[in-house]
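Structure first, then comments.
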There are 2 protein chains.
Amino acid sequence: MLKRRLNRVLPPPPGCALSLCVRYLRGAWTANILWYLKHQPRRFSELRGDLPGISSKVLAQRLRRLEEDGLVARLRARSSPVSIEYSLTDLGLDIQPALAVLVIVGEKIKRRSLS
Amino acid sequence: MLKRRLNRVLPPPPGCALSLCVRYLRGAWTANILWYLKHQPRRFSELRGDLPGISSKVLAQRLRRLEEDGLVARLRARSSPVSIEYSLTDLGLDIQPALAVLVIVGEKIKRRSLS
DNA sequence: CAGCATCCTGCGAGATACTG
DNA sequence: CAGTATCTCGCAGGATGCTG
């Protein structure tokens with residue numbers, strides 16, 4: 001059956017740069033995954049440790065989409081005990097400043113909600 | 001029936017500042033709505049014009065959540081022809097720099113995908 | 001004008017179990 | 001270790017129509 005990847009969800013929001021970028025961060029975990037890849041490549045189970053509560057299914061899904069979107073690269077490091085490293089591509093690096101600002105705003109929000 | 005608002009979606013991603021902030025931008029239109037409120041207060045139908053393709057239902061939902069989250073303020077401007085103005089709160093202003101960076105990254109992405 | 005009501009689709013996510 | 005399979009739930013969003 002023809003799979004209808006018609007982009008029905010998130011379909012015709014204005015094609016401006018903001019929507020373009022936000023689209024990459026869809027999903028509750030996506031931004032955090034990119035954040036933990038900032039400093040070094042990480043393996044699947046390392047990322048699962050970084051993100052307490054994520055299921056392997058969701059992590060695999062997010063990583064797969066990030067790879068499709070060209071933000072994350074996949075490298076099979078070893079094969080005897082299977083080991084796969086995920087790292088940021090150039091595009092993934094480009095998006096990091098945006099995440100940094102989101103973190104700063106998030107901390108402001110946190111402080112505000114405490115007071 | 002007891003409505004189970006258990007926050008099942010987006011529930012226990014690490015409670016870090018990044019997740020906190022990303023939570024406010026959930027939804028395809030949210031970031032754009034905030035963006036169009038940046039320079040001046042806007043009325044409902046003005047926003048609908050700003051965001052070609054959005055339905056009034058979705059716009060009303062997003063505005064309501066933004067109001068709950070404390071990012072947007074609602075002001076009944078006139079009552080004879082009902083007119084309601086939406087504007088950014090201080091918190092809504094705080095998040096603007098993050099959106100600005102997302103726009104810049106989005107433009108980089110756009111340029112990259114053209115070449 | 002500024003929405004709300006209703007019905008429907010598709011995706012993100014959780015839980016659990018299983019595999020090479 | 002790095003996933004896949006199956007099931008269920010809830011939300012974002014579209015379409016259409018209606019209201020004060």
Side-chain angles (χ1 to χ4, degrees), chain A residues 1-14 19 22-33 41-69 72 74-86, chain B residues 1-14 19 22-33 41-69 72 74-86:
Chain A
M1 187 198 297
L2 188 57
K3 192 178 177 191
R4 290 194 295 141
R5 280 277 287 152
L6 289 183
N7 212 8
R8 278 276 306 259
V9 168
L10 300 184
S19 314
V22 164
R23 195 176 297 239
Y24 285 110
L25 300 178
R26 240 184 321 172
W29 300 97
T30 310
N32 276 280
I33 292 172
R42 301 290 274 164
R43 289 186 290 105
F44 191 89
S45 50
E46 287 176 329
L47 282 172
R48 228 175 29 169
D50 292 334
L51 302 161
I54 199 173
S55 68
S56 45
K57 187 198 72 168
V58 172
L59 179 55
Q61 279 178 348
R62 294 305 100 217
L63 286 171
R64 196 164 290 279
R65 184 180 287 273
L66 284 170
E67 196 190 353
E68 286 174 14
D69 287 344
V72 159
R74 225 179 116 101
L75 176 66
R76 179 175 303 255
R78 279 170 303 144
S79 282
S80 31
V82 183
S83 174
I84 296 186
E85 275 194 351
Y86 294 93
Chain B
M1 187 198 298
L2 188 56
K3 191 178 177 190
R4 290 192 294 142
R5 278 279 288 152
L6 289 183
N7 211 7
R8 279 272 309 256
V9 168
L10 300 183
S19 314
V22 164
R23 193 176 297 241
Y24 284 109
L25 300 178
R26 238 184 322 173
W29 301 96
T30 311
N32 276 280
I33 292 172
R42 300 291 274 167
R43 289 185 291 105
F44 191 89
S45 49
E46 287 176 330
L47 283 171
R48 230 177 24 173
D50 292 334
L51 302 162
I54 199 173
S55 68
S56 47
K57 188 197 74 170
V58 172
L59 180 54
Q61 279 179 349
R62 293 305 100 215
L63 284 172
R64 195 163 290 280
R65 183 180 288 273
L66 285 169
E67 195 189 354
E68 285 172 15
D69 287 344
V72 158
R74 224 179 117 102
L75 176 66
R76 179 177 301 257
R78 279 170 304 145
S79 283
S80 31
V82 182
S83 174
I84 297 185
E85 274 194 353
Y86 294 93

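So that the names make sense, note that chain A is the first sequence line, chain B the second, and so on, each numbered from 1. Both backbone and side-chain heavy atoms feed into the values below; hydrogens, waters and symmetry mates do not. Just so we're clear, the structure is a prediction, and the values are computed from it rather than from any experiment.
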Less than 4.0 angstrom between a side-chain N/O of A:R62 and OP1 or OP2 of C:dG12, yes or no?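 Yes, because at least one side-chain N or O of A:R62 sits under 4.0 Å from OP1 or OP2 of C:dG12.
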If you compare every side-chain N and O of A:W29 against the phosphate oxygens of C:dC11 (OP1, OP2), does one of them come in below 4.0 Å?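 For C:dC11, OP1/OP2 do not have a side-chain N/O of A:W29 under 4.0 Å.
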Summarise how protein sits on nucleotides 1-7 of chain C as a single string, 5' to 3': B when a protein heavy atom is under 4.0 Å from the base, S for sugar-phosphate-only contact, - for no contact. SSBB-BB
Atom-to-atom span, [atom1] of [X] to [atom2] of [N] - whole angstrom:
{"X": "B:I33", "N": "D:dA12", "atom1": "CD1", "atom2": "P", "answer": "12 Å"}
{"X": "A:D69", "N": "C:dG12", "atom1": "CG", "atom2": "P", "answer": "11 Å"}
{"X": "A:L59", "N": "D:dA2", "atom1": "CG", "atom2": "P", "answer": "10 Å"}
{"X": "B:I54", "N": "D:dG14", "atom1": "CD1", "atom2": "P", "answer": "7 Å"}
{"X": "B:L25", "N": "D:dA12", "atom1": "CG", "atom2": "P", "answer": "13 Å"}
{"X": "B:L66", "N": "D:dA12", "atom1": "CG", "atom2": "P", "answer": "11 Å"}
{"X": "B:E68", "N": "D:dC11", "atom1": "CD", "atom2": "P", "answer": "12 Å"}

Acceptor/donor pairs from residues 75-83 of chain A side chains to any protein atom, 3.5 angstrom cut, sequence neighbours excluded:
none

With B:D69 via salt bridge (charged side-chain N to carboxylate O under 4.0 Å, His left out) - residues at least two apart: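 Partners of B:D69 by the salt bridge (charged side-chain N to carboxylate O under 4.0 Å, His left out) criterion come out as none, since no residue qualifies.
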